[in-house]
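Inspection log for the structure reproduced underneath, given as structure tokens.
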Amino acid sequence: MYAIVRSGSCQQKVAVGDVVEIDLIGDEVGSSIELKPVMLVDGDDITAGADLGKAKVTAEVLGQTKGPKIRILKYKNKTGYKRRIGHRQKYTQVKITDIKG
């Protein structure tokens with residue numbers, strides 16, 4: 001059994017026991033959170049849309065991590081304009097503990 005869950009602005013495929021990185025949330029390490037399922041797949045049964053009324057995906061917060069550094073360069077020809085900025089996305093690592101459909 002696996003589920004497609006929404007966390008922040010992206011969706012991820014998860015199963016029980018998976019460790020995934022989601023957008024940063026402010027919960028403490030060791031606390032339990034609920035992720036919103038978009039779709040559940042159990043063998044040949046697929047549940048999506050309005051049928052997900054009582055479906056839940058529970059996860060445990062493992063810690064905070066950072067993604068890779070992204071360097072952004074802006075340049076305009078013939079004007080002498082150059083700009084270099086960087087970004088490093090912050091994530092929360094969670095372990096999927098339970099999927100109820």
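Heavy atoms only: backbone and side chains are in, while hydrogens, waters and symmetry mates are out. Note that this is a predicted model, so its numbers are computed, not measured.
- In this structure, the separation between OH on Y75 and NZ on K82 is 7.5 Å, given to the nearest 0.5 Å.
- For the atom pair S7 OG and L24 CG, the distance stands at 11.5 Å (nearest 0.5 Å).
- Annotation: side chain of P37 is not in contact with side chain of I4 (no heavy-atom distance under 4.5 Å).
- V41 is not connected to V16 by any chain of hydrophobic side-chain contacts under 4.5 Å among Ile, Leu, Val, Met, Phe, Trp and Tyr, and they are in different clusters.
- Put simply, CD on Q11 and NZ on K36 are 10.0 Å apart, with the number rounded to the nearest 0.5 Å.
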Exercise. Can Q64 and T92 be said to form a side-chain hydrogen bond (donor to acceptor under 3.5 Å, both in side chains), step by step?
Worked result: CA-CA 4 Å; Q64 315 298 334; T92 300; 2.9 Å; yes
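- A continuous path of ILVMFWY side-chain contacts below 4.5 Å connects V14 to I25, so both sit in one hydrophobic cluster.
- Under a hydrophobic-cluster definition in which Ile, Leu, Val, Met, Phe, Trp and Tyr are linked whenever side-chain heavy atoms come within less than 4.5 Å, directly or via other members, L62 and Y91 are assigned to different clusters.
- The CZ atom of R6 sits 13.5 Å away from atom CD1 of I22, with the distance rounded to the nearest 0.5 Å.
- When atom types are taken as modelled, the side chain of Q12 and the backbone of E21 share a donor-acceptor pair closer than 3.5 angstrom.
- To the nearest 0.5 Å, atom CD1 of residue I33 and atom CG of residue D27 are 6.0 Å apart.
- In terms of heavy-atom proximity, A15 sits nearest to I96 at O-CB, 3.4 Å.
- Note on V38: it does not cluster hydrophobically with M1, by side-chain heavy-atom contacts below 4.5 Å among ILVMFWY residues.
- Once rounded to the nearest 0.5 Å, the distance linking CG of D18 with OG1 of T97 reads 11.5 Å.
- At least one side-chain heavy atom of Q93 sits under 4.5 Å from a side-chain heavy atom of V19.
- In terms of heavy atoms, A59 sits closest to L35 at CB-CD1, 4.4 Å.
- Counting non-hydrogen atoms of other residues, nucleotides and ligands closer than 6.0 Å to CZ of R88 gives a total above 12.
- Hydrophobic clustering (ILVMFWY, side-chain heavy atoms < 4.5 Å, transitive): V57 and L52 are in one cluster.
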Exercise. Stepwise, does the side-chain hydrogen bond (donor to acceptor under 3.5 Å, both in side chains) test hold for E60 with S31?
Worked result: CA-CA 6 Å; E60 176 188 355; S31 65; over 6 Å; no
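- Nearest approach of S9 to D23, heavy atoms of both residues: N-OD2, 3.5 Å.
- For the pair I46 and M39, the tightest heavy-atom approach, listed with the atom from each and the gap, is CG2-SD, 3.8 Å.
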